[in-house]
Amino acid sequence: MAYHYTESGLDNVYLENGFTVHQTPYGEGLSIKDTEGLHKLIGNWIVSMPNSINGAELRFLRIEMEMTQRNLAEIIGVEEQAIGRWERARSRPISGPADRLLRALYTEYVGGDGSIRRMIERLVALDSIDKPQVRLREKHDRWQVANAA
């Protein structure tokens, strides 16, 4: 008997084994063996599929990466409300750069060295810095920076 694993937040995940159904004082309970490994497998399966990631899958991956909607929005360069809209439209695909970047982030999260995430966070920080004025001076037939105020 397969178990429809709706607790993952995904509609299309079924477990063939690796779980135990037992009775509790509050009714039927379920124990899943190696939940962390199971979720890592689900996440890797999502990012390896050739079709676009949908809102439910986005939410699953975001939660697995321990990110808030705000954090993810900053990293992929969209408004926080966009992440919420995508997640609420559970079956609608997310395409383009956001889909590809999410795949790269998750892949690195589970097996990388953190360099992609650090690079993206640096780029996000650069977007929030005001561009300084620069004063340029010509001296002896050569241009140079006078100051970077």
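FYI, the numbering just counts along the sequence from 1. Since the model is a prediction, treat every value here as computed from it, not as a measurement.
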Nearest-0.5 Å distance, [atom1] of residue [X] to [atom2] of residue [Y]:
X      : Y      : atom1 : atom2 : answer
Trp143 : Arg137 : CH2   : CZ    : 10.5 Å
Asn44  : His39  : CG    : NE2   : 13.0 Å
Ile75  : Leu101 : CD1   : CG    : 8.0 Å
Leu58  : Leu102 : CG    : CG    : 5.5 Å
Asp11  : Glu57  : CG    : CD    : 9.5 Å
Leu105 : Arg100 : CG    : CZ    : 13.0 Å

I'd like to check [X] versus [Y] (side-chain heavy atoms, cut-off strictly below 4.5 Å). Are they in contact?
X      : Y      : value
Val21  : Glu28  : yes
Ile94  : Asn54  : no
Gln144 : Leu136 : no
Thr20  : Leu30  : no
Arg103 : Ser48  : no

Please list, one pair per line, the donor and acceptor atoms closer than 3.5 Å that link side chains of residues 79-86 to other protein atoms, with sequence neighbours excluded.
none

Checklist entry - Between the main-chain N or O of Arg88 and the side-chain N or O of Arg59, is there a donor-acceptor pair closer than 3.5 Å? => result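 Flag not set: sc Arg59 to bb Arg88 has no pair under 3.5 Å.
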
Do you know the tightest heavy-atom contact between [X] and [Y]?
X     : Y      : value
Lys40 : Val110 : NZ-O, 3.7 Å
Ile76 : Ala98  : CD1-CB, 4.1 Å
Pro93 : Ser52  : CB-CB, 3.6 Å

Around [X], counting heavy atoms of other residues, nucleotides and ligands shown, do more than 12 lie under 6.0 Å from its [atom1]?
X     : atom1 : result
Glu36 : CD    : no
Asp34 : CG    : yes
Glu16 : CD    : no

Tell me whether [Y] is reachable from [X] by hopping between hydrophobic residues (I, L, V, M, F, W, Y) whose side-chain heavy atoms are closer than 4.5 Å.
X      : Y     : result
Ile63  : Phe60 : no
Tyr109 : Ile46 : yes
Leu61  : Met67 : yes
Val13  : Leu41 : no

Checklist entry - Taking the inter-plane angle between the rings of Tyr3 and Phe19 on a 0 to 90° scale, is it parallel (under 30°), tilted (30 to 60°) or perpendicular (over 60°)? => result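 Tilted, since the angle between the ring planes falls between 30° and 60°.
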
Checklist entry - Can you tell me if His22 and Ser31 form a side-chain donor-acceptor pair at under 3.5 Å? => result yes

Checklist entry - Can you name the residues that form a side-chain contact (heavy atoms from CB on, under 4.5 Å) with Leu38, not counting sequence neighbours? => result Tyr5, Leu15, Ile32, Ile42

Item to check | Contacts of type salt bridge (Lys or Arg N to Asp or Glu O under 4.0 Å), residue Glu87, not counting sequence neighbours | outcome: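 Partners of Glu87 under the salt bridge (Lys or Arg N to Asp or Glu O under 4.0 Å) test: Arg62.
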
